[in-house]
Structure formats: structure tokens, C-alpha cells
Amino acid sequence: MHKPRLDQRRAPIYEALERFRQMRVVPFDVPGHKHGRGNPELTEFLGQRCLDVDVNSMKPLDNLCHPVSVIREAEELAADAFGAAQAFLMVGGTTSSVQSMVLAACKGGDEIILPRNVHRSVINALVLCGAVPVYVNPEVDQRLGISLGMTRESLQKAIDEHPNAVAVLVNNPTYYGICSDLCAIVKMAHKAGMLCLVDEAHGTHFYFGSGLPVSAMEAGADMASVSMHKSGGSLTQSSLLLIGPKVHTGYVRQIINLTQTTSGSYLLMSSLDISRRNLALRGGEVFHKVKDMADYAREEINAIGGYYAFGRELRNGNSVFDFDTTKLSVHTRDIGLAGIEVYDILRDEYDIQIEFGDIGNILAYLSIGDRPQELERLVSALAEVRRRNHRDGRDLLNQEYIDPIVVASPQAAFYAEKRSLPLRESVGHVCSEFVMCYPPGIPVLAPGERITEEILDYIEYAKAKGCSMTGPEDPEILRLNVLK
């Protein structure tokens, strides 16, 4: 595990904000709430301390677009903590981090090799820059109905067939905790002269603790997007973009500044600063406890019967090279319920909010804030859900991933002339928009892909089961936009 060199007890943005707060500066700048005085209801809701440090960029507090002092120090400490050559504080979520990563590696017409089960933000970036995806369709676990990692053989085939591709992108781990052979993928990409980019949104904890899968920076990746607000404890919408030693950091900063706000939130930045310090000082101990809690919960849930809380036994040395044991992923079809149905029952009847449910699985997201007593409550609730709701599940769909038929690039399809058709009349046409369940935000359809009966069956089934469907212009998803 990487050992930091800098003094990780420091939190320079937090320290600068505390100094600023004590100065009692008279504000004739933005934001207009003026330390909360102009919006008393908001101040009462969020608290005076919060509004006092919701401030604008100024010399003592640095500037996110061109940091030279406290923000720069915070980025250096983050890079040191994560073992990166450079780290960028991101206030547009990991979506912004992923898009900056892709935009820095690709330009119009470039090919990029990636699995199709990526987050929407990756394909959004292709719409923006005009790069062309070379999809590596993942293997699927037929019992669980979930897509697995990128195999070495499928990647080598894509490299051989597309030697001019500029980058390989891999999502590691997947939402369910599946990890690819990241070290091998990095070596294969570099041998072919390509960059290796990692969507590491769900792998913040890989950098802090033993017995966890290899992190992107440790594997030698060129760029990695790390969602600090997921397992790292920072505020929602705060993220990091990590850079390896061979990437031009000045250019990456320019790419980030194309889309990221010029009014960076000091609430988000200070939360990144404080959370990085917390992980650097206590992450190893904390995530060891998280792993132990998840292992205990898996054992207890599997003892209920009917459920399958899967883990490291899925490892096969390739498409499931490793497994993130902090992920409490549970297959529900054998009790006769779709994952989304269990998700809804837990929330509506037991006041338990889990991360997501899809058509066959649920995910309870464990991180630094969880306690054993809440896990006991979840396990007890799942036992009662099975006892009260168990039924024959032979009519349930299982397949979570459908191989796409790609006809046009995402950018060409997104900006093309289009028309709207009723859902069932769109079969055979080329889609010009996204359709996905959120979370996890992996498109069922993306711009440029042919609409099939199988895809429409999935969309209608997911809607009927209660999945939150997003993406199309039509909010009811009764119509789809297709190419003329």
C-alpha cells in the first residue's frame, strides 16, 4: 500500500476558511446571501457555520480554476495520499471527473476502447468530443444477470482490431463490486501505445486498507476518477481526478476548465480536504471494519435462504479477477422478487434506504459511516421481506445487460435530425437519446444504437417493476427520439 510523504494532518482549505471566518470580513462580493443574513430560512436549515464559509474565490482562499496557494496545497496532499502524480479537486461530481478524463485523452474521430456497461457520463463525453467508442461487450453471469469485468482476451482482440485507438477505459469496480485484471489491462494498453483510464467512482477505499483490490494508481493507470462522496465521506457532488506521471497536467487543467464551474463551492472543496485527511489518517482502520461488517452481513443474509449475497467466490482469474468485499450485493430473484421490488419494500415498510435495486439484485452501500446495529436491522428486514413476500419467480426477467447494436457514433446520433415515435413503433430504428435506470446510470440504450424488441421488453418490464427510468426527452418514456 502507498505510504504518503507529506504531512497528512494538514487540511489547508479548511484551515484557510477557519482563518477567514474569524476575520469578520465585510462582504461586498458574491454570494448574495451575505453569510446567510439575506436568507434566514436557509441559514436556519443549513446552520450559520455552513453559510459563513459558503464564499467566493478571493486571494486568501485561492481559485479552483488556477490554484496557487491553499487549493494547490490541498491537491498536492490529495495526490500524495492517493499515490498519484497530480490530483484535481472536482466540484461537478464524478461525472465531471470522468468527462474531463475522456476529453483529455480523446478528440473528434479518435477511437477509445471501453466496456459497454459504463456510466452515462462516459458516453456523454463521447457526445461532447466526437470520439468513437470501440465497445468490448462484457461477459454476463447468467445466474445473477449482471455484467462482469473486461477480459484480457476481449481487450487484446479490440486492440488488435483497432491499433490506432488512443485509450482504454475500464470501470473498476463495477457497482456490484466486480473488478477486472487492472494491472494486466494497464500493461496491455501501454504496450499498444494507449492511455489507460479508470472510472473508479466506487473504489475510493481501495487506496486505504489491506485486503482490497488494487487501486488504479497502484496498477499504473494514467488517469482515474474517484468519487470521494461515495465511500470516502465527503459531501455529495465532490470528487477527485487522479493523474499518473506520464500525463500533461497543465493540459488536463485546461480541459477541466472547459466545463467545470468558475465558482467552485468551498463547502465541497473543504469537504474533500477534510475527508482526504480523515482517510489518510484513519482509512486503513475504518475500511477494515467496513469489510468485516460486509462479510458478516453476507453470511447472515445467505443463512436466511432464498437470497444470494455474492462475494469473492465469484472470482475466476479474468472477468471477475477480484471482488470488492465492502459491496453488499444481493441477488433476489430466488425469493420471487425483483431487486427493485425489495428496494421499494425496504424503504416503504421498514424505513431502510439502500443504494439501488435493479431487476435481479439490490446493493446496500457500506462505507465509513455505517454501524453494526444498522446492518442487523437490514438483515432482520430482509428475513421478514422473504417470509412475507416470497413467491414463484419464474416470470421474472433476469438479464441485466443487453449487447448493443451500434450503428452511429454517440455524437453523430445525438445531434442528427430526429423524430419522435411511440415506443413500440421505434423497433428497428436508431436511437438518438439515452434510456437508463438510475441508479446505476448505465444506459440500456445510448445514442447511435439500434432499438430491438428485447430492449423494449426490458424497458417496459423495468418501468412496470418500479425502476426509475431516465434519459429520454419524453419523461413518461412512452416515446423515443430516433434518427430520421
Which heavy atom of [X] sits nearest a heavy atom of [Y], and at what distance?
X	Y	value
Ala364	Leu378	CB-CD2, 3.8 Å
Gly339	Ile362	O-CG2, 3.2 Å
Ser319	Glu139	OG-OE1, 3.1 Å
Val482	Ser432	N-OG, 4.0 Å
Met194	Asp222	O-OD2, 4.4 Å
Phe287	Ser231	CZ-O, 3.4 Å

Sequence neighbours excluded, the answer for salt bridge (charged side-chain N to carboxylate O under 4.0 Å, His left out) partners of Lys291 is none

Test salt bridge (charged side-chain N to carboxylate O under 4.0 Å, His left out) applied to Glu341 - qualifying residues, sequence neighbours left out: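 Applying salt bridge (charged side-chain N to carboxylate O under 4.0 Å, His left out) to Glu341 gives Arg391, Lys465.
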
With a 4.0 Å cut-off, would you call [X] and [Y] a salt bridge?
X	Y	answer
Arg312	Asp324	no
Glu153	Lys157	no
Asp344	Arg347	yes
Arg143	Asp334	yes

Assess whether salt bridge (charged side-chain N to carboxylate O under 4.0 Å, His left out) is satisfied between Asp295 and Arg298, documenting all intermediate values. CA-CA 5 Å; Asp295 287 339; Arg298 252 187 297 277; 2.8 Å; yes

Ring-plane angle category for His202 and Tyr365, please: parallel below 30°, perpendicular beyond 60°, tilted otherwise.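 Aromatic pair His202/Tyr365 classed tilted.
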
For the backbone of [Y] and the side chain of [X], can you confirm whether one donor and one acceptor N or O come within less than 3.5 Å of each other?
X	Y	answer
Asn361	Leu144	yes
Ser96	Gly93	no
Tyr307	Leu382	yes
Glu313	Gly311	yes
Ser97	Thr94	no
Glu285	Arg282	no

From the list Lys327, Glu355, His119, side-chain hydrogen bond (donor to acceptor under 3.5 Å, both in side chains) with Tyr175 holds only for Glu355

Just by distance, with hydrogens left out, do Ser275 and Ser234 show a side-chain donor and acceptor under 3.5 Å apart? no

Any chance the side chains of Gln86 and Thr249 put a donor and an acceptor closer than 3.5 Å?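 Checked: Gln86/Thr249 side chains show no N/O donor-acceptor pair below 3.5 Å.
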
With a 4.5 Å limit on heavy-atom distance, are the side chains of [X] and [Y] in contact?
X	Y	answer
Ile368	Asn278	yes
His205	Val290	no
Arg152	Met188	yes
Leu375	Leu366	yes

Just wondering, more than 12 heavy atoms not from [X] lying within 6.0 Å of its [atom1]?
X	atom1	value
His162	NE2	yes
Lys463	NZ	yes
Glu299	CD	no

Out of Asn302, Leu328, Ile146, Val320, which one pairs with Phe310 under the side-chain contact (heavy atoms from CB on, under 4.5 Å) rule?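 That would be Ile146.
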
